[in-house]
Amino acid sequence: MTSLKIPSNTKLASRSGLGARSSKSMLAAVSLVRSRSRIGGAGGSRVGFGGVTGNDGDEEWLQARDPIKPDDQLELTEEELKVEHTRILRGDNPHAPDNIVRFSFKESEYKAIAQVEQLAMHFKMDGNMIHEDSDEARRQRARENVRSRKPMASSTATTTTETGPENGEAETTENGTDAPDEGVEGEEGQDGEEVAPAEEAEEDEPVVVTGGPPKKLRNQFNFSERASQTFNYTTKERGVSTVPPPRSNFSAVATQGIIFDSYKAEESRKAALKEKTHHDDDKSRSATSFEPTRAAAATDSEPSIWAAAAKVVTLPEVKKVERMVLQNVFDEVLLDFKYYENGADQYKTVTEEGGSSVLPLWKFSTPEYKRHSVTCVAFIPGSSDLIVVGFGSYDYLKQGSGAVACFSFKNPVTPEFLIPTDSGVTSVDPMQDKPHLICVGCYDGSVAVYNLATPNEANRAIPTHKSTALTGKHTDPVWQVKWQPDDLDKRHNFFSVSADSLVRGWTMVKNELHFRDVIELEAAEVAADDDDMEATKYAGICFAFNPTQDHLYLVGTEEGKIMKCSKAYNAKFLTTYEAHGMAVYGLKWNSYHDGVFVSCSADWSVKVWDHEYPLSLFEFDLGAAVGDVAWAPFSSTLFAAVCANGFLHIFDLAISKTEAVHVSQIIKKGKLTHVSFNSEYPVLVLGDDRGNVTSFKLSPNLRKNFAVRDTEVEVEKLNKLLESMKELDIQTGKPLYGTA
């Protein structure tokens, strides 16, 4: 281990040029050399020193030494050694971004910043300590020692044996406190080495301090002059005690239905207030402007002839007179409905061109709902001439009020009943045993029950039972409702299907509707690796109940799937049919065969199914979205479908398994939405999106078995068609149950 050689005291004295000094000065010089020797590290040599420790080798560290050549050094020629390689060292930060842009408000555009900050701060710490071996620490210790000796110098005479610069130095110390700083910073010897009197004081005997407590060392980084410091006032707090205001806890559920009902209530209140204001204005205006007319009318005691006639003629008599007048007006249509037959059907088959036709009869509409869509059409049981119609809208952006209307073949001009609703009507179903009770589903998710037998027209427009957001309703539109047989307590109930993936049962209890969730339309299985993923839910569009098995029903979804469900088992579906590629708009069970149903969809297709067979048996492409489908009540193989392009398609599976037996365009501009057959007359009615309901009479080729309806013959005819379409196993001869 090499170390720095310390010169003798005599050499130090000769180099400093101070001559004979006291022992204190010599000790101070020795301590200075020792402090400098610590720069190279404990036990180590200074960088560049030769490491010679002998007495005669003080200057050997200045001599050049031969470099040691490594074994793996590259051998270069003279020309290669003379080549100059320029290396430019830059202080750029390699991690600093060079594509920063800022928005210039002056030029109204984003501009790139030319200069980027290249400073990289690796460590930063603010402190109030200084190193004990630094010059600042030595200066502060010197000041403390000088100040502590001042009382001793004034009270006791100091005798020294040395003369010359040491006495002058003592005088300088006594005269001012800045002399040690100047001596430490500016005094140099002949060899350029500093000699600090502060170090002498450090090595001297300890001095007893009689003054006050030692002053803390001044920090050069965060030091501030006393004159710049101001007095900080202490913070005070003032509090005032008041009586707390009264409070009450309020909680509510803000669902879409509650918000909608609140808006409707506010609109009704504003409308009533506005009507009252207009009524008061009219009343005041009539009292001031028409006072003579009122007086003249009051003096006239003779009643008018119209008032006398109103007392004699009652409402039923007026209706009879009206129907007699309308029978004369629509005499030709009435005769066609009763007696007209297409003569061409006797000479042509139904598959030939012109071999079948539909004859237009009456057209039903109301001026108030001319631009509304016909969302449902159904004949009232027991009254074959009455049609119940629902008015609403299928457009999400064009929602408004709706209505339920009842038309009759005897009066095609004016509806028998017209019940307005706050929201658009999406479905209507009259009860089989009590046709005057109809259940209605609305676009806002509510359901209601109306009694058409109410004598007062104003009371008839008020539902006897209705669901609200408080009593419970669907969160999405109710697309279909259907009455069910009475429960064990002889209470009426019906089912509803909605786009919120729920099928609910509603029970009429006094004047309230109690609901229960029958089944939720969601996927039965979830992937094993997706534990946090919720099951897929399907939006219900339509459903159909089996005519013979009350517990069995089908549900069509917006995703194109058809679920077969049971009332007795609501944990999962009995069967899922991969039926269509788009939303299923209609499902109908066959009128004769309880195992066959037909479905229509927005993917332009109509399919016939056997509920025990997973594949569709018949499939037809109609070239447009199919809005509705219906089986004929007089044939097990005939059904009709309406399309969005305005065409009516009639199929008879006993005649053709691949194409329709009759196709006709009903309207040129608009869409056909719904179709329904009459059970007593060879008539079907069609609804469109213009608010019109049109009735048509079927030609003889389309209603061959209308008079004779043999159930066994119809079932046998349909079974033969189904067996011919199923895939059979070669060995057993039974149908193959594949996967849909």
Does any donor atom in the side chain of [X] or [Y] lie under 3.5 Å from an acceptor atom in the other side chain?
X      : Y      : answer
Gln140 : Glu136 : yes
Asp395 : Ser393 : no
Trp479 : Ser498 : no

Please lay out, stage by stage, how Ile562 and Leu587 fare under the test side chain to side chain contact (heavy atoms under 4.5 Å, CB included). CA-CA 9 Å; Ile562 298 177; Leu587 284 173; 3.7 Å; yes
Locate the shortest heavy-atom distance separating [X] from [Y]; write the atom from each residue and the value.
X      : Y      : value
Cys565 : Ile519 : SG-CD1, 4.0 Å
Cys542 : Val584 : SG-O, 3.5 Å
Gln399 : Tyr394 : NE2-C, 4.3 Å
Gln118 : Asn93  : OE1-N, 2.7 Å
Leu554 : Tyr577 : CD2-CE1, 4.4 Å
Ser605 : His580 : OG-ND1, 2.9 Å

Flag side-chain contact, heavy atom, 4.5 Å: [X] against [Y]:
X      : Y      : answer
Ser262 : Ile259 : no
Val497 : Val478 : no
Met125 : Phe123 : yes
Tyr538 : Ser501 : no
Met563 : Thr557 : yes

In terms of relative ring orientation, are Phe620 and Phe618 parallel, tilted or perpendicular, with 30° and 60° separating the classes?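 Rings of Phe620 and Phe618: parallel, under 30°.
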Give a yes or no on whether a salt bridge exists between Glu79 and Lys82, defined as a side-chain N under 4.0 angstrom from a carboxylate O. no
Pair Asp689 + Lys671, salt bridge at N-O below 4.0 Å: no
Apply side chain to side chain contact (heavy atoms under 4.5 Å, CB included) to the pair Arg504 and Val518, showing each step before the final yes or no. CA-CA 5 Å; Arg504 282 184 174 177; Val518 179; 5.6 Å; no
Between [atom1] on residue [X] and [atom2] on residue [Y], distance to nearest 0.5 Å:
X      : Y      : atom1 : atom2 : value
Glu578 : Glu559 : CD    : CD    : 11.0 Å
Ser616 : Trp609 : OG    : CH2   : 4.5 Å
Lys572 : Glu522 : NZ    : CD    : 13.0 Å
Glu109 : Phe103 : CD    : CZ    : 8.5 Å
Leu81  : Leu76  : CG    : CG    : 5.0 Å
Thr475 : Leu502 : OG1   : CG    : 7.0 Å

Please assess Tyr396 against Tyr443 for the test side chain to side chain contact (heavy atoms under 4.5 Å, CB included), listing each intermediate value before the final yes or no. CA-CA 10 Å; Tyr396 175 78; Tyr443 193 87; 3.4 Å; yes
Lys607 side-chain N/O to Ala579 backbone N/O, donor-acceptor pair under 3.5 Å: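 Side chain of Lys607 to backbone of Ala579: a pair is present.
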Going through the distances and angles, do Leu617 and Glu619 end up as a side chain to side chain contact (heavy atoms under 4.5 Å, CB included)? CA-CA 7 Å; Leu617 303 178; Glu619 183 175 350; over 6 Å; no
Residue Lys564 excluded, over 12 heavy atoms near NZ under 6.0 Å: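 More than 12 heavy atoms, drawn from other residues, nucleotides or ligands, come within 6.0 Å of this atom.
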Is the OH atom of Tyr110 crowded by more than 12 outside heavy atoms at less than 6.0 Å?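 Not buried by this count: 12 neighbours or fewer within 6.0 Å.
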